[in-house]
Amino acid sequence: MKLIVAIIRPEKLADVKRALFQVGVTGMTLSRVSGHGGERDVVQQYRGESVVLEFHEKVRIEMACSEEFVERTIDAICEGARTGDVGDGKIFVLPLDHTVRIRTGERDNHAL
Amino acid sequence: MKLIVAIIRPEKLADVKRALFQVGVTGMTLSRVSGHGGERDVVQQYRGESVVLEFHEKVRIEMACSEEFVERTIDAICEGARTGDVGDGKIFVLPLDHTVRIRTGERDNHAL
Amino acid sequence: MKLIVAIIRPEKLADVKRALFQVGVTGMTLSRVSGHGGERDVVQQYRGESVVLEFHEKVRIEMACSEEFVERTIDAICEGARTGDVGDGKIFVLPLDHTVRIRTGERDNHAL
Ligand SMILES: Nc1ncnc2c1ncn2[C@@H]1O[C@H](COP(=O)(O)OP(=O)(O)OP(=O)(O)O)[C@@H](O)[C@H]1O
Ligand SMILES: Nc1ncnc2c1ncn2[C@@H]1O[C@H](COP(=O)(O)OP(=O)(O)OP(=O)(O)O)[C@@H](O)[C@H]1O
Ligand SMILES: Nc1ncnc2c1ncn2[C@@H]1O[C@H](COP(=O)(O)OP(=O)(O)OP(=O)(O)O)[C@@H](O)[C@H]1O
Ligand SMILES: [Mg+2]
Ligand SMILES: [Mg+2]
Ligand SMILES: [Mg+2]
């Protein structure tokens, strides 16, 4: 199992949800975050302590899924989230040892 | 070490905290999230783009612990969070390479 | 690659950002969280159900980076976040299988 974490633009959330549901991913957890994404050029225009980098509002989506769902989940997120402009977001795939459904105590693939 | 992430009902947070403290887990980080949990039946009642799935307010708890604490932590969360109705929540166990206590620089099991 | 998660004092965020930019870490995601950090002594002054533990406002920073950046990132966070008083925060280092830049589809070290 993997835990997929995606940071996307808030205005693309509806499109990303729709793309995820279409490939069968429905379990997900969302939070509002604030992010900065690797704009090193901006940094180099300034010097030392006067650097003030902008942070943008983003949505963080966390989804546990089985290995076989990883690639289609990544594709669905990219399809829903992409505009082509810088700042479209990032996806992180983390190893996941165990999942538990609290209501039943079911574990791992039975709990997804 | 493992990082345990639990998504629970906000109204069960006090019970979960109490159950965690009773087994000796006190270090934890909480955030407010919004979630949807695998209700695929709902999806199939609708078609295409008209699907509107409900998201519910949840609390996300993140706890780093040593391997030997994982099972009792899972049990404590389930005991505190379970109502028996759908939507009780999920627990995810992730591998954790390192922990650092910022004040002292202590690492790993000394930092838990 | 690793995903570094740091929980710090909100009042040290500007110092931590500055320290991170100075070592070249610019991609990061921030959220507001609430935390309790292992103050077991407090627990022992009370009994049973009357325990009320304080939670403090913290900032959670999430940064994906390559292996070679892990130690300097930890050092920068500690340098920016440390006051010497209890509650300075914690750093967690998690294994990270994949990173994707949504705009381009680039993966892993090319996406950092
Ligand atoms: N290395 C990283 N670690 C953690 N979060 C990141 C990282 N890089 C980006 N993010 C998060 O993703 C959001 C979007 O990043 P962004 O799309 O700008 O990435 P990028 O690599 O700069 O790609 P682009 O060149 O398309 O802008 C950021 O605001 C931040 O929240
Ligand atoms: N696969 C998942 N990935 C990430 N978060 C999830 C996942 N499944 C559930 N969650 C989170 O947990 C919350 C509660 O999920 P829920 O208890 O409904 O899970 P479930 O598997 O549908 O179990 P039940 O059948 O008891 O409803 C969701 O609102 C969501 O925040
Ligand atoms: N084991 C843990 N799991 C998850 N989050 C933790 C853990 N320990 C601490 N935290 C988070 O880090 C924040 C700061 O913790 P804190 O600095 O008090 O850690 P500590 O180990 O008690 O160190 P100190 O002795 O310096 O107080 C907490 O409020 C909480 O959000
Ligand atoms: Mg960017
Ligand atoms: Mg459910
Ligand atoms: Mg403490």
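Numbers restart at 1 for each chain; the letters A, B, ... are given by sequence-line order, proteins then strands.
To the nearest 0.5 angstrom, B:Phe55 atom CZ is 7.0 Å from A:Leu13 atom CG.
Of the listed residues (B:Gly84, B:Ser34, B:Ala81), the greatest number of heavy-atom pairs within a distance under 4.5 Å of chain A belongs to B:Ser34. Chosen from A:Ala64, A:Pro95, A:Gly105, A:Ala111, the residue pairing most often with chain B at heavy-atom distances under 4.5 Å is A:Pro95. Of the listed residues (A:Ile61, A:Thr99, A:Thr104, A:Leu3), the greatest number of heavy-atom pairs within a distance under 4.5 Å of chain B belongs to A:Thr99.
The existence of a salt bridge linking A:Arg107 and B:Glu71 is confirmed by a sub-4.0 Å separation between a basic side-chain nitrogen and an acidic carboxylate oxygen. Here A:Arg103 does not pair with B:Asp85 in a salt bridge; the nearest charged N to carboxylate O distance is not below 4.0 Å.
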side-chain contact (heavy atoms from CB on, under 4.5 Å) between A:Glu62 and B:Val5, intermediate numbers included = CA-CA 11 Å; A:Glu62 191 170 68; B:Val5 175; 4.2 Å; yes
task = Go through B:Ile91 and A:Ile102 one step at a time and tell me if the side-chain contact (heavy atoms from CB on, under 4.5 Å) criterion holds.
result = CA-CA 7 Å; B:Ile91 303 171; A:Ile102 292 175; 3.9 Å; yes
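Proximity to chain A (any heavy atom under 4.5 Å) is shown, for B:Lys90, by both the backbone and the side chain. For A:Arg60, the part lying under 4.5 angstrom from a heavy atom of chain B is the side chain only. B:Ile7 touches chain A through backbone and side chain together, each having a heavy atom under 4.5 Å away.
Within a 6.0 Å sphere centred on CZ of A:Arg32, other residues, nucleotides and ligands contribute 12 heavy atoms or fewer.
Between B:Lys2 and A:Asp97 there is a side-chain heavy-atom pair separated by less than 4.5 Å.
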